[in-house]
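Encoded as structure tokens, the structure appears first; notes follow it.
This one's a predicted model, so the numbers in the text were calculated from it and none came from an experiment. All ligand and atom numbering here is 1-based and tracks the order in the structure.
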Amino acid sequence: MFLLRKLILALSGSTAVRDTVSRAPITKSVVDRFIPGETTADVVAAVVTLRAKGLQVSLDHLGEDTTDRTTADATVDAYLELIAALSAVGQVSGSEVSVKLSAVGQALTAAPDLPAGGNAYALSGALRIADAAYAAGARMNLDIEDHTTTDQTLEVLFELRRTHPDVGVAIQAMLLRTPKDLAELVGPGSRVRLVKGAYHEPASVAFTDPDQIDLAYVRSMKYLMNGKGYPMIGSHDPRMVAIAAKLASDAGRGPDRWEYQMLFGIRPDEQERLVSGGRTVRVYVPYGADWYGYFTRRLAERPANLLFFLRSLASRG
Ligand SMILES: Cc1cc2nc3c(=O)[nH]c(=O)nc-3n(C[C@H](O)[C@H](O)[C@H](O)COP(=O)(O)OP(=O)(O)OC[C@H]3O[C@@H](n4cnc5c(N)ncnc54)[C@H](O)[C@@H]3O)c2cc1C
């Protein structure tokens, strides 16, 4: 399983593989299981459906590793359009936007007219999104990407929190640095989405054994639940879901003081079951045309997702 995951994540970087998979007609129907659509209208329709079921939402305009300013600016504009569209249909309050800093310029290299480099560019884009989100009554969360970007992402987070203290961040339990990062993120009101980690990381910086990752996840959950912030438990793992409930109860946290988060299309029945049991559940909904990186990470996470994809290819063959 570990080797399969490593292989898929490695292949996801290949342009040839990317082009072949993206163009295969069947890919689209499989992708639809994880992504409600490419347009703002598609995602707004999904928000209406999910919220009618009592689910909360966090919306991600797909894109990552952007190396040109035009694309980075277009991503910021897409978020602004989304926030306006949610407002127009009365769905903005309580909604969240999730932003990958590499989509808004973090990966740009310094240039004579950009002496402070990509992270400063990403900060200014993220600030525009945060300003619009909080003015409209929504909130914002930063996704976390591979370990080489963690320092920069936390730098941007702390800058954003100067004006918008509610901005949250995802943290990967698998990284060895995480206990130190969490120590800076358990203050009053600090919103932290704890995830296991979706990137292929070297053993020098991360746990690579699944059991060790699970143990690290439980330790981190415990730490967050006993802190003063707002823990967001981003996992589909039934064991983590059960342990989170127990830890929250032990820490005296009611359903308004922490939440579960799951991805669109993954364990939807469980999402609704948790809501009907009185839990707060937020669904992370990605949308947009640049779905390839997100899609391959979902395939790498779970052999069943890959088998579903391969079976669909074979049945069309
Ligand atoms: C809301 C949200 C936001 C995220 N944001 C980030 C981020 O910013 N950065 C990042 O690196 N990662 C992010 N991730 C991905 C995360 O790091 C993991 O890669 C991903 O969630 C898989 O780990 P898991 O805990 O869900 O379960 P896994 O360890 O993958 O699986 C454990 C068990 O969960 C159950 N399960 C898992 N998937 C399924 C499924 N499809 N159907 C049925 N059962 C299933 C099975 O019982 C499985 O054995 C995010 C995840 C979520 C839910």
Side-chain angles (χ1 to χ4, degrees), residues 1-2 4-6 8-9 12 30 33-34 50 55-65 96-103 106 140-150 153-154 156-157 167-175 177-178 181 191-201 205-218 220-221 231-244 258-271 273-274 280-286 293-309:
M1 169 57 192
F2 174 69
L4 183 63
R5 181 169 188 258
K6 193 173 164 185
I8 295 170
L9 290 175
S12 72
V30 181
R33 189 182 151 201
F34 299 107
L50 291 166
L55 293 157
Q56 304 301 316
V57 291
S58 190
L59 310 171
D60 164 35
H61 183 266
L62 289 162
E64 52 199 278
D65 299 333
E96 179 184 274
V97 288
S98 274
V99 178
K100 278 189 175 49
L101 291 179
S102 80
Q106 191 175 59
M140 174 169 166
N141 203 78
L142 297 182
D143 281 356
I144 199 86
E145 300 177 70
D146 75 76
H147 80 277
T148 61
T149 62
T150 309
T153 298
L154 292 179
V156 169
L157 173 79
V167 174
V169 68
I171 291 289
Q172 293 146 325
M174 75 186 296
L175 292 188
R177 59 176 287 162
T178 284
D181 291 335
R191 297 168 58 251
V192 176
R193 175 203 299 153
L194 183 68
V195 297
K196 289 188 187 178
Y199 295 83
H200 178 63
E201 302 286 14
V205 301
F207 296 112
T208 54
D209 172 62
D211 290 337
Q212 284 190 328
I213 295 173
D214 286 355
L215 287 172
Y217 195 93
V218 173
S220 300
M221 272 200 289
M232 303 183 283
I233 305 302
S235 177
H236 313 98
D237 187 334
R239 289 167 309 156
M240 300 307 141
V241 168
I243 294 169
W258 68 287
E259 68 187 40
Y260 288 116
Q261 295 195 351
M262 294 192 189
L263 303 177
F264 179 86
I266 299 191
R267 305 196 73 205
D269 295 346
E270 174 69 355
Q271 296 169 12
R273 186 190 72 82
L274 289 167
T280 304
V281 182
R282 191 174 300 276
V283 183
Y284 181 103
V285 191
Y294 179 86
F295 177 63
T296 49
R297 284 194 293 279
R298 301 296 75 84
L299 293 187
E301 258 154 33
R302 191 165 156 79
N305 288 342
L306 182 63
L307 287 175
F308 177 70
F309 179 58

### Query
Judging by distance only, is a nitrogen or oxygen of Tyr284 under 3.5 angstrom from one on ligand 1?
no
### Task
I would like to know whether Asp237 and Lys196 meet salt bridge (Lys or Arg N to Asp or Glu O under 4.0 Å); could you show each step before the answer?
CA-CA 10 Å; Asp237 187 334; Lys196 289 188 187 178; 2.8 Å; yes
### Query
Can you tell if the side chain of Tyr217 reaches within under 4.5 Å of the side chain of Leu194, non-hydrogen atoms only?
yes
### Task
Could you list which atoms of ligand 1 come closer than 4.0 Å to a heavy atom of Gln261?
1 (C), 53 (C)
### Task
Mind checking whether Arg282 contacts ligand 1 via backbone (N, CA, C, O), side chain (CB onward), both or neither, at a 4.0 Å heavy-atom cut-off?
neither
### Query
Say you draw a straight line from CZ of Arg33 to CZ of Phe295; how long is it, rounded to the nearest 0.5 Å?
9.5 Å
### Task
Can you sort out which atoms of ligand 1 are near Ile266, meaning under 4.0 Å from one of its heavy atoms?
39 (C), 40 (C), 41 (N)
### Message
Can you give me the closest heavy-atom contact between Glu145 and Ser102, atom names plus distance?
### Response
OE1-OG, 2.6 Å
### Message
Could you tell me, atom by atom, which parts of ligand 1 come under 4.0 Å of a heavy atom of Arg298?
### Response
15 (C)
### Message
Tell me whether Ser235 has any N or O atom under 3.5 angstrom from an N or O of ligand 1.
### Response
yes
### Summary
A student checking ligand 1 against Leu263 at a 4.0 Å heavy-atom cut-off should list atoms 1 (C), 2 (C), 3 (C), 51 (C), 52 (C), 53 (C)
### Message
Is there a polar contact between ligand 1 and Glu301, counting only N or O atoms under 3.5 Å apart?
### Response
yes
## Note on the structure
Restricting to heavy atoms, the pick from Asp60, Val169, Val195 nearest atom 51 (C) of ligand 1 would be Val195
### Task
Could you name the option among Arg33, Met174, His236 that has the heavy atom nearest to atom 35 (C) of ligand 1?
His236
### Message
With a 4.0 Å cut-off on N to O distance, would you call Arg297 and Glu64 a salt bridge?
### Response
yes
### Task
Please indicate whether any nitrogen or oxygen in Pro238 is less than 3.5 Å from any nitrogen or oxygen in ligand 1.
no
### Message
Checking Tyr284 against Asp143: is there a side-chain donor and acceptor pair closer than 3.5 Å?
### Response
yes
### Query
Going by atom types alone, do Thr148 and Asp146 pair a side-chain donor with an acceptor below 3.5 Å?
yes
### Query
Given the rule in the side-chain contact (heavy atoms from CB on, under 4.5 Å) test, do Leu263 and His236 qualify, once you have shown the distances and angles that lead to the verdict?
CA-CA 8 Å; Leu263 303 177; His236 313 98; 3.7 Å; yes
### Task
State, without any angle test, whether Ser58 and Glu96 hold a side-chain donor-acceptor pair at a distance under 3.5 Å.
yes
### Task
Under 4.0 Å from a heavy atom of Arg267: give me the atoms of ligand 1 that qualify, with their elements.
42 (N), 43 (C), 44 (N), 45 (C)
### Summary
For Arg193, the atoms of ligand 1 under 4.0 Å from one of its heavy atoms are 3 (C), 4 (C), 5 (N), 8 (O)
### Query
Is there a heavy atom of Glu270 sitting under 4.0 angstrom from any atom of ligand 1?
no
### Task
For Ala170, counting its heavy atoms only, list the atoms of ligand 1 lying under 4.0 Å from any of them.
8 (O)
### Query
Any side-chain heavy-atom pair from Tyr199 and Met174 closer than 4.5 angstrom?
no
### Task
May I ask you to check whether Ile144 has an N/O atom sitting below 3.5 Å from an N/O atom of ligand 1?
yes
### Task
Heavy-atom contacts with Asp143 under 4.0 Å: which atoms of ligand 1 show up? List them by number with element.
8 (O)
### Task
Flag this pair as yes if the NZ/CZ of Arg298 is under 6.0 angstrom from the six-membered ring centre of Tyr294 and inside a 45 degree cone about the axis; otherwise no.
yes
### Query
Quick one: does Gly197 get an N or O within less than 3.5 Å of an N or O on ligand 1?
yes
